[in-house]
Amino acid sequence: MGRRIHFVVDPQGWCCMGLIIFVWLYNTIFIPKVILFPHYEEGHISVVAILCYYFCSLFCIASLLRASVADPGKLPENPKIPITEQEYWELCNKCNMMRPKRSHHCSRCGHCVRRMDHHCPWINNCVGEDNHWLFLQLCFYTQILSSYTLILDFCHYYYFLPLKKENWDTTSIEKMSNCCEDISRPRKPWQQTFSEVFGTRWKILWFIPFRQRQPLRVPYHFANHV
């Protein structure tokens, strides 16, 4: 079966698609510019982290576009029904066409879809037999990209060393002194970072939402990084 383009004329779906593409474009430009590239220039992360982010971003938008234009399983106008399978077909009371059982009529697309799951406005298309795998790919890569972005945000504020700001009035001796201080400054363990964020050193309580957060006292040599 060849690939058929399925384009749905639905202003609501266009708005939802436009919103998703705007959020994706904003994060694809904003996250590398604010977090990835500055920390890469200062040696906090490797180029692999940047490539992984763009890899996830590319696969996310590719699965979105493919799921939105892929044929979900539209039935032909005059389907050829084998005699041995006629009992598995039924008449649609909306479009008056024969369709296999487990098919449904989509009011937004205006036709029946094989094994239709639902009509998703975020991809402006039905999710059916022929594009269900693309929809699952979209959910998977969206989850991966969102989780990766949250991890980068967390590391930017709580784990990575602070970004250095250019100061043109600093002498060479002062720059060397600051460099030595950065090298000698101890690095905060990840357990302590999470304890400060969640307000407790009991790891089991990090997953309990029914409690109050109590600020932890931070050691002096880590205070400037909190």
Side-chain angles (χ1 to χ4, degrees), residues 1-32 36 49-153 207 209:
M1 181 181 297
R3 297 179 181 176
R4 294 181 295 178
I5 301 298
H6 185 259
F7 186 77
V8 181
V9 181
D10 184 8
Q12 180 183 357
W14 294 344
C15 292
C16 294
M17 279 280 297
L19 179 61
I20 289 183
I21 294 176
F22 171 77
V23 173
W24 171 83
L25 189 62
Y26 178 81
N27 282 278
T28 303
I29 297 175
F30 180 77
I31 296 298
L36 292 176
I50 300 177
L51 294 178
C52 288
Y53 185 84
Y54 279 116
F55 174 83
C56 295
S57 181
L58 175 63
F59 273 62
C60 183
I61 192 64
S63 58
L64 170 65
L65 295 178
R66 285 209 60 192
S68 63
V69 299
D71 183 9
K74 178 182 178 181
L75 291 170
E77 295 182 358
N78 296 314
K80 296 180 180 181
I81 307 174
I83 299 178
T84 57
E85 298 181 4
Q86 288 184 354
E87 59 178 322
Y88 301 107
W89 287 64
E90 60 186 6
L91 181 67
C92 176
N93 57 4
K94 294 183 180 179
C95 60
N96 295 322
M97 292 178 55
M98 295 299 296
R99 66 184 185 185
K101 292 183 178 179
R102 298 183 61 187
S103 300
H104 299 280
H105 184 89
C106 178
S107 58
R108 289 192 175 273
C109 295
H111 54 74
C112 291
V113 178
R114 296 190 311 272
R115 295 187 179 182
M116 174 183 170
D117 186 81
H118 68 286
H119 182 91
C120 180
W122 300 106
I123 64 173
N124 193 31
N125 200 358
C126 282
V127 179
E129 184 178 28
D130 291 346
N131 70 339
H132 205 162
W133 65 281
L134 292 171
F135 181 77
L136 293 178
Q137 280 189 359
L138 172 62
C139 296
F140 173 76
Y141 286 116
T142 301
Q143 183 67 32
I144 293 295
L145 183 61
S146 301
S147 301
Y148 193 22
T149 303
L150 288 175
I151 292 174
L152 289 175
D153 290 339
F207 304 93

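The closest donor-acceptor contact from the side chain of S57 to the backbone of Y53 lies at 3.5 Å or more, if one exists at all. Although no hydrogens or angles enter the test, the distance criterion places no donor-acceptor pair under 3.5 Å between the side chain of S147 and the main chain of I144.
Proximity of L64 to T142: side-chain heavy atoms (C-beta onward) are nowhere separated by under 4.5 Å. Counting heavy atoms from C-beta on, the side chains of P32 and Y54 come closer than 4.5 Å.
When every heavy atom of N125 is checked against every heavy atom of S68, the shortest pair comes out as ND2-O, 3.3 Å. The two residues A67 and N131 make their nearest non-hydrogen contact at O-ND2, 3.6 Å. Summarising the geometry of R114 relative to D130, their closest heavy-atom pair is NH2-OD2, 2.8 Å, with the distance given to 0.1 Å.
The line from OG1 of T149 to CG of D153 is 6.5 Å long, rounded to the nearest 0.5 Å. In this structure, the separation between SG on C126 and NE2 on H105 is 9.5 Å, given to the nearest 0.5 Å. How far OG of S146 is from CD1 of I151: 11.0 Å, rounded to the nearest 0.5 Å. A distance of 5.0 Å separates OH in Y148 from SG in C52, rounded to the nearest 0.5 Å. Distance check, rounded to the nearest 0.5 Å: OH of Y141 to CG of L145 gives 11.5 Å. With values rounded to the nearest 0.5 angstrom, W122 atom CH2 is found 5.5 Å from L19 atom CG.
Between F59 and F55, the two ring planes are tilted [angle within 30° to 60°].
Screening L134, V113, D117 for a side chain to side chain contact (heavy atoms under 4.5 Å, CB included) with V127, the sole residue that qualifies is D117.
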